[in-house]
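Report on the structure given below.
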Amino acid sequence: MRLVERGEIVEDRFLPIIADAPVPERGPVIVPAARLIADAETFARRADPTGVVWPNNRRVNELAPYLDRLALVALVFPSFRDGRAYSQARQLRENHRFRGQLRATGQILRDQFVFLLRAGFDAFEVSKDADARVFVDVLGRYSVFYQPTADGRQTALRARLRGAGVDRASAGVQEADR
Amino acid sequence: MYVYDELDRTLLAERVREFADQVRRRLSGELSEDEFKLLRLMNGVYLQLHAYMLRIAIPYGTLSSEQMRMLAHVARHYDRDYGHFTTRQNIQFNWIELAELPAAMADLARAGLHAMQTSGNCVRNITTDQWAGVAPDEIEDPRIYAEILRQHSTMHPEFSFLPRKFKIALTACAHDRAAIKVHDIGLRLHRNGAGDTGFEVIVGGGLGRTPFIGKTIKPFLPERDLLSYVEAILRVYNQYGRRDNIYKARIKILVHELGAEAFAREVEAEWVSMRAGALALDPAAIAEIARRFRVPAYERLADDPAGIAEARSSNPAFAAWFGNSVARHKVPGYAIVTLSLKPTSGPPGDATAAQMDAIADLAERFSFAEIRVGHEQNLVLPHVAQRDLPALWRALDAIGVATPNIGLASDIIACPGLDYCSLANTRSIPVAQELSRRFRDPALSRNLGRLHINISGCINACGHHHVGHIGILGVEKNGEEFYQITIGGRADEHAELGALIGPAVPYAEVADVVEDVVAAYVELRERPDEIFVDTVHRVGVEPFRERVYATR
């Protein structure tokens, strides 16, 4: 597994906390959802960043009260064929305006990168090293997008309405569609 | 028809390159078969009994002559010289080599064709009335909305990994030729009291092992809200549809378990947050899509030119075909012509490369280079000048696609069955072939009137047996092929599921039983023009059961 942020393989500065293991006073941590909710006050008082792993069968509305204190939300793909977290990601970005790191965890293959990025993810725990290494190349696979999402890429329809055509779209011009 | 621009073509080329990379990684072992499976399915590639099968998308069933020739080319170069048109208005090729798939897809892309989302747990090919844009009683052209939905659902970043496949169909006529009530989402274009265009939204219909007729969750959705509302439905389904059991994963089960009202409330709650956003379809956006549809330059002609009456009286074969396969067009002097892919003894929906090429030429000569595929597995030439009908008929007859059986007993819908499919329990095609021989006499089938026979080789119901006037479902009993017969199903605006008429019968008896069912109908009908399904509706199943099973 490799963590990719801003197109590069990076060291994970967050320490994952398993179940009820003790949380260090300093340093960024990622805690399970149940722990965050049970101990909300403690985590709110922490000086360093806190993140949460949010399961894909739990409504993100439940997470809303904690979002402004969270540096990171990790959403889970137990298998790459289970796409629930794409909806959660868009809800967090587009409805709840979450601005922290949105991390994709679980079975993450190169074939999902474009979908994940468009849904609002900006960090990726990539399952295979070979896939992580070609991250930037893979993002360049597509230059045309039909759907407006919060990533702001111009849709084909808007490009046509503006008479922009393919040149601007393929040059990666990103205009906010919403 | 819709003309792809540089953006559409660029996306196709990008997808072809991505798939080539996926095939390369599979062949080199970088991808496991399990990982590759989902990716190949999203590109229309199935592994069947004997080989890989490639299913190519024909968005809302519309093809140009150039595209039809490309299908002929694929049949010839990569397959065994024929293709099979499906109930999803697509075409599939049954004998393609994995290593040749990227080359075949690159060829297809040159004609603006692809296999995207013809399989997999995503939004499948959007379907509509094969008479869209030419039917006289249409409210508006549903292809514009079908194209808007096609673009919106192509490589959707949120909905490419749904619990299960997802099928959307639209109609804009009072008479539904698109079977919208047995789709995951069915959309019926209509106008409200104020004269605004909108959609009745029907969800949770579907066939398979747990068939349901869809339920209306919104009687009138303004057209500007089409995408936001569809996206809200998909979001509810993506999150709460079942993923623990493949047989309970379709949206129909979620709608059934939650109840239509509770499901609708979930959708409304999602919709509130997205309704006013970037998905709203303003008139300029709709006009932008509409303007990419090439409208034929129709001539000013009158209906019923003199030559036609003459040809009908002097040539009974032409008259029979004209009476059966030619329909009124919205433009005077033109006609909609259906080409039967159901010749006697033929596998329903198959066409050879030579036939495809010939049909492409005829479409160019007589139908503004446009062809449609209907879900009944026949083809349509949608813009034929009535004065050209005799010449067209001779040409169609010469290539074997002028059998005058459209809508009649031998116009059978059948799945590929055990001859190709790895899921099937029984054969379907030979049953269809035998029935086509039993009902080959044109006078007999004309006398029987409209009669839809649908055959599925397993419970997955690809042949839509539940909604056949006569439905035939293959089941396996102790290693032998048996068939359950249902009657009274229909897929139109009065959609209903058929009822079982008696115990399953062995392969050798299916055609006899169907003939007996039909004989019972002739005895029971009130008058010659009461069609089969109306008689079943009026008298119920019992009188049929008594007659058919009395001696069995």
Side-chain angles (χ1 to χ4, degrees), chain A residues 56-57 59-61 77-91 94-96 107 109-112 114-120 127-128 130-131 134 138 140-151 153 155-161 164-167 169-170 176-178, chain B residues 5-15 17-18 21-22 25 30-31 34-35 37-39 42 120-122 148 150-163 227 231 234-241 243 270 272-274 276-279 281-282 284-285 287-289 291-292:
Chain A
N56 73 353
N57 58 1
R59 294 185 185 232
V60 295
N61 286 350
F77 294 84
S79 140
F80 83 120
R81 65 185 64 217
D82 183 341
R84 280 176 276 193
Y86 293 104
S87 289
Q88 294 178 313
R90 289 194 68 198
Q91 287 172 320
E94 296 172 30
N95 301 353
H96 297 284
Q107 192 187 13
L109 305 180
R110 73 176 72 172
D111 312 283
Q112 294 145 278
V114 174
F115 294 130
L116 291 167
L117 202 77
R118 300 225 60 219
S127 306
K128 300 179 183 182
D131 287 350
V134 295
V138 169
R141 275 177 177 174
Y142 286 97
S143 64
V144 178
F145 307 95
Y146 285 127
Q147 310 81 9
T149 69
D151 74 344
R153 281 175 168 74
T155 63
L157 183 63
R158 294 298 147 194
R160 288 169 183 144
L161 284 170
V166 74
D167 297 339
S170 60
D177 259 298
R178 45 168 97 212
Chain B
D5 68 1
E6 199 49 39
L7 293 168
D8 298 303
R9 284 194 294 273
T10 300
L11 179 67
L12 276 195
E14 289 170 346
R15 179 65 172 237
R17 279 198 295 276
E18 179 177 53
D21 172 62
Q22 289 162 346
R25 282 151 66 211
E30 263 180 81
L31 281 174
D34 190 51
E35 289 167 337
K37 183 179 174 190
L38 195 67
L39 301 171
M42 289 169 79
N121 296 335
C122 48
I148 288 171
R150 179 195 76 78
Q151 295 189 14
H152 181 72
S153 59
T154 297
M155 297 197 58
H156 197 292
E158 184 178 346
F159 306 125
S160 291
F161 303 90
L162 295 168
L227 292 182
E231 194 156 289
L234 282 163
R235 181 169 288 176
V236 170
Y237 172 56
N238 189 38
Q239 294 193 94
Y240 310 122
R243 290 176 190 262
E270 273 306 328
V272 167
S273 68
M274 50 176 77
L279 289 171
L281 285 169
D282 49 64
E288 172 59 29
I289 300 289
R291 122 188 139 70
R292 285 169 199 285

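Note that the structure is predicted; figures quoted are calculated from it, not measured. We name chains A, B, ... by the order of the sequence lines, and we start the count at 1 in each one.
- Using a 30° and 60° split on the angle between ring planes, A:Tyr86 and B:Phe161 fall in the parallel class, below 30°.
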Evaluation steps, salt bridge (Lys or Arg N to Asp or Glu O under 4.0 Å), between B:Glu231 and A:Arg90: CA-CA 12 Å; B:Glu231 194 156 289; A:Arg90 289 194 68 198; 3.0 Å; yes
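- Contact between B:Ala285 and A:Leu161 at its shortest, heavy atoms only, is CA-CD1, 4.2 Å.
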Worked verdict on A:Gln107 versus B:Glu35 for side chain to side chain contact (heavy atoms under 4.5 Å, CB included): CA-CA 10 Å; A:Gln107 192 187 13; B:Glu35 289 167 337; 3.5 Å; yes
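- A 6.0 Å sphere centred on NZ of A:Lys128 holds more than 12 heavy atoms belonging to other residues, nucleotides or ligands.
- Between atom CD of residue B:Glu158 and atom CD of residue A:Gln88 there is a gap of 10.5 Å, rounded to the nearest 0.5 Å.
- For B:Glu30, the parts sitting under 4.5 Å from any heavy atom of chain A are the backbone and the side chain alike.
- With a threshold of 4.5 angstrom between heavy atoms, B:Asp5 approaches chain A through side-chain atoms but not through N, CA, C or O.
- Judged purely by distance below 3.5 Å, without hydrogens or angles, the side chains of A:Asn57 and B:Tyr240 never pair a donor atom with an acceptor atom.
- Checked by atom type, the side-chain pair A:Gln91/B:Glu270 shows a donor-acceptor distance below 3.5 Å.
- With a threshold of 4.5 angstrom between heavy atoms, A:Leu109 approaches chain B through side-chain atoms but not through N, CA, C or O.
- For chain A, the nearby parts of B:Arg235 are the backbone and the side chain; heavy atoms of each come within less than 4.5 Å.
- Residue contact with chain A, scored on non-hydrogen atoms closer than 4.5 Å, is absent for B:Asn121.
- In this structure, A:Val138 and B:Asp21 have side chains that are not in contact, with every pair of non-hydrogen atoms separated by 4.5 Å or more.
- No donor-acceptor contact under 3.5 angstrom links the side chains of B:Gln239 and A:Ser87, judged on distance only.
- Contact check for B:Glu18 versus A:Tyr142: side-chain heavy atoms found under the 4.5 Å cut-off.
- For the pair B:Pro157 and A:Val114, the minimum side-chain heavy-atom distance is 4.5 Å or more.
- Proximity of a side-chain donor or acceptor of A:Gln147 to a complementary backbone N or O of B:Thr154 within less than 3.5 Å is detected.
- Proximity of a side-chain donor or acceptor of B:Asn238 to a complementary backbone N or O of A:Gly83 within less than 3.5 Å is detected.
- For chain A, the nearby part of B:Asp282 is the side chain; its heavy atoms alone come within less than 4.5 Å.
- In this structure the side chain of A:Tyr146 never reaches within 4.5 angstrom of the side chain of B:His156, judged on heavy atoms.
- Using a 4.5 Å cut-off between heavy atoms, A:Asp82 touches chain B through backbone and side chain atoms alike.
- Looking only at heavy-atom pairs under 4.5 Å with chain A, the residue among B:Arg243, B:His152, B:Met42 that has the most is B:Arg243.
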B:Met155 and A:Val144: CA distance, side-chain angles, deciding distance, side chain to side chain contact (heavy atoms under 4.5 Å, CB included) verdict: CA-CA 10 Å; B:Met155 297 197 58; A:Val144 178; over 6 Å; no
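- For the atom pair CZ of A:Arg81 and CG of B:Leu162, the computed distance is 13.5 Å after rounding to the nearest 0.5 Å.
- Heavy atoms of B:Leu227 lying under 4.5 Å from chain A are absent altogether.
- A salt bridge does not link B:Glu288 to A:Arg158: none of the charged side-chain nitrogens sits closer than 4.0 Å to a carboxylate oxygen.
- Residue B:Ile289 holds its CD1 atom at 5.5 Å from CG of A:Leu157, rounded to the nearest 0.5 Å.
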Residue pair A:Arg141, B:Glu14: steps toward the salt bridge (Lys or Arg N to Asp or Glu O under 4.0 Å) verdict: CA-CA 6 Å; A:Arg141 275 177 177 174; B:Glu14 289 170 346; over 6 Å; no
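- Note: A:Thr155 OG1 to B:Leu7 CG = 9.5 Å, rounded to the nearest 0.5 Å.
- For a residue to count as touching a neighbouring chain, one of its non-hydrogen atoms must lie under 4.5 Å from one of that chain's; by this rule B:Leu11 touches chain A with backbone and side chain alike.
- Under the 4.5 Å side-chain criterion, counting only non-hydrogen atoms from C-beta, B:Arg25 is in contact with A:Arg110.
- B:Arg150 touches chain A through its side chain: at least one heavy atom from C-beta onward sits under 4.5 Å away, while N, CA, C and O do not.
- Heavy-atom distances place both the backbone and the side chain of A:Phe80 under 4.5 Å from chain B.
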